[in-house]
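Any value given below was found using the heavy atoms of this structure, including those in side chains, with hydrogens, waters and symmetry copies removed. The model shown is predicted, which means the values in this text are computed figures rather than measured ones.
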Amino acid sequence: MSLKLSRLSVRAPDGATLFAGLDLTVVAGEVATVTGPSGAGKSTLLDAIGGHLSPGFHVTGRVFLDGRDVTDLPAEARGIGVMFQQAVLFPHLSVADNLAFGLSPAIRGRLARRMAVAEALAQAGLDGMGARDPATLSGGQRARAALMRTLLADPKAVLLDEPFSALDPGRRHDIREFVLATIRRSRIPALLVTHDRQDADAAGGPVVALT
Amino acid sequence: MARPLYAVISLRGISGAAIAIAVILPVMIGVVHSALAGFGHMALLGARGPDLDAWRTLLGQPGLWRAVAVSLWTGVAATMISMGLAFGAVAALQDRVSWLRRVLAPLLAAPHAALAIGLAFVIAPSGWIARGLAVGLGWDRPPELATVGDPWGLALILGLVLKEVPFLIVILLGASTQIAMREQMAAGRALGYGRAAVWLWVLVPQLWPLIRLPVMAVLAFSMSVVDTALILGPSNPPTLSVMVARLFADPDLRAMLPASSGALLQLGLTAMAMGLLWAGASVAGIFARAAMRRGVRLRGLDAWLAVPALLLAGLLFLVVLSLAVLALWSVTFTWRWPDPWPQRLSMAAWQGRAGWLSAAQTAFFIALASSGIALILAIGWLEGGDRAGRHGLRGWMRAAVALPLLLPQLSVLIGLSGLLLRLEMAPMIAVVWGHVLFVFPYVMIALAGPWAALDPRMQRTAAALGAGPWRRLLRVKLPVLLAPLMLAAALGFAVSIAQYLPTMFLGGGRVATLTTEAVALSSGSDRRVAAVHATLQAGLPWLVYLAALILPAVIHRNRRALKGEAS
């Protein structure tokens, strides 16, 4: 599996061109890092790859996923998972239902689906927390639950939008190791946006600096 | 773009077209029809204008100019008093905002007509207050003083103020979250200004543009209301709105023409009053700025903030008294003057079920149908906007939802019912539709804020997990917005229950709701039956509000992040 950006750039509604003609290939199990100052368009880049750009933004260039051109597909048809800074868990669903929301419909049968969710919870060290209100989880627990939800959807690539920067420094290291290790184990390409030097070092993949 | 075409065109286009055709255009066409008929052109009656006969008939009505003056006076006075009291009360009680909100919320659900009937039972010469005085002063008969229906319209003004002050306070509290009120108050006081001065020089000028639209809606309503004016207003001559409504109700269809002229006159009068209020506010702003530039600290004024607070307390007491006396009269058997309490209580008025039960059922059905339709239209538009990347209430819709609130109902409905004469629509369908015209703006405005405030990353997350637009709507957005959805529906329900003119004018007298029955009975001799209808009219929306608060709280009882969205 691979994520390939070919001469990708985005024109904002005000006419400004962000990251003119970006080329990047991320192979399976690799975590590439995007850094750059605020306003350089890091989040816009992720939006362009994931299909979340607001109307008015214009994309040129192509996004390939496993060689398939996904540039013109809506977000839900691309198979690209996203993790945000504040893990966005759906507030009306329990933790387990949040994971089940992501779980690929290819897994059929109540029992099989429940098992898959329970297994993912266990992997994330969240055993027995399935029935909990997501609002009662700690920041680190929320981040792990959000990652598992993303992976249960069977994505072909994952985008990480500063997922560690809201965590307190003590937990940060552990969560980062968990997230990076889990992604590597899943053998999917990932793109990490971060301000933090240590994040980029830990990711170990190619680094793109936007200016 | 990557967006599939169907997602842009279908929902936003379809819902926008539905709203335009079903809600906005009819309102405009109603006014246009009034204008044509007012100048003598109504093909159905064989009248081919333009001519001024209709205007001559209208101007020939005895007491017309006094009716115009009374309408202008009561509408403007009620609006100014309500606005002044609302500002004063919020300034005096700004540290108790959550308390204020909680006290006012249940009062907002009470319809104008029920409150007016209750108020009449309290302040009438034979009412509760006079009875209380009679015991002390030894009156042996009710005083011969026109405390209800007085020629100056004071009772009408009081009845309107009773209802509009809580409404404007809630609007003000909402607007005050859009400006940095606490910080500006602290900054102003640190410079030596009193609280009242900070309000006058700093906060009111910022809040006025935010509440101008609701204030204008209050003005349009107060000047053109018919039900409250029938119950509390002067009778001979009555307000312009009542006079025009009577012309309209004339069995002779040709009276439609002068009634249409009256609808136009009402429209012009309302527009003039809005202009006056706007200009008045601008002039007041100029004087206020001049005073501010002199650096007047006005610290002495703070003590006077107790006045609006006390007046508000008095008003709320009167509201509670009015609603209580309705309930009491509905279970009264005999209640002789000047006893402060009935001799005998009985459920007789409730047991004569035939009347109120069918009126309650009809009102309930119309309210359910109209608020349901309004909710679906609003959801369609807002969701369509999200899909097209144009969030919230903007563009032409923003102006369009204001239209039914700013135009006098009378001016719209006389024209519409003239059109309906030709369409031969079933009365029930016409009435539900008529309610939707005035329910929809409230539902849309109530829903647009919470809808726009939804975290957009939630939708992106759901999309990234493979959920398409419909699954995102049904499984994520609507459940997360359950509390505001229920509150918007309950507001729509309450607005529908309170409607009088759409039921009367579009139902052709064949649809009887709690409101039309309560208003009709209020002038009758049997207070008990009127009280039963008015009690139900006030109670039904209140119960629905309660359900709208409780249901999401129960469903989301274990979801901390969704708590407190109800307020």
- Message: Does this structure show an ion pair linking B:Arg457 with A:Asp161, if we count only N-O contacts that are shorter than 4.0 Å?
- Response: no
- Message: Using 0.5 Å steps for rounding, measure from the CZ atom of B:Arg460 to the CG atom of A:Leu159.
- Response: 11.5 Å
- Is A:Lys42 atom NZ crowded by more than 12 heavy atoms from other residues, nucleotides or ligands, each under 6.0 Å away? yes
- Message: Is it the case that the side chain of A:Asp133 and the backbone of B:Arg560 share a donor-acceptor pair, with hydrogens and angles ignored and the cut-off at 3.5 Å?
- Response: yes
- Item | Exceeds 12 heavy-atom contacts within 6.0 angstrom, atom CZ of A:Arg184 | yes
- Task: Under the salt bridge (Lys or Arg N to Asp or Glu O under 4.0 Å) rule, what do A:Glu76 and B:Arg472 come out as? Steps first, then yes or no, please.
- Result: CA-CA 10 Å; A:Glu76 63 268 21; B:Arg472 295 204 290 273; 3.1 Å; yes
- Task: Below 4.5 Å from any heavy atom of chain B, which atoms of A:Ser94 appear? Answer side chain, backbone, both or neither.
- Result: both
- Message: Check for me whether B:Arg559 meets the cation-pi criterion with A:Phe90, that is, NZ or CZ under 6.0 Å from the six-membered ring centre and within 45 degrees of the ring axis.
- Response: no
- Only counting residues at least two apart or in another chain, list the ones meeting ring pair (Phe, Tyr, Trp, His ring centres under 6.0 Å) with B:Phe364. B:Phe493
- Query: Are more than 12 heavy atoms from other residues, nucleotides or ligands located less than 6.0 Å from atom CD of B:Gln184?
  - Reply: yes
- Heavy-atom side-chain proximity of B:Thr461 to A:Arg149 below 4.5 angstrom: yes
- In short, A:Pro91 meets B:Met458 closest at the heavy-atom pair CD-SD, 3.5 Å
- Heavy atoms only: give me the nearest B:Leu465-A:Thr150 pair and the separation to one decimal. CD2-CA, 3.7 Å
- Task: Verify the neighbour count for atom CZ of A:Arg62: are there more than 12 heavy atoms of other residues, nucleotides or ligands below 6.0 Å?
- Result: yes
- Part of A:Phe101 within contact of chain B (heavy atom distance under 4.5 Å): both
- Message: Given 3.5 Å as the limit, does a donor-acceptor pair link the side chain of A:His92 with the main chain of B:Arg475, or not?
- Response: yes
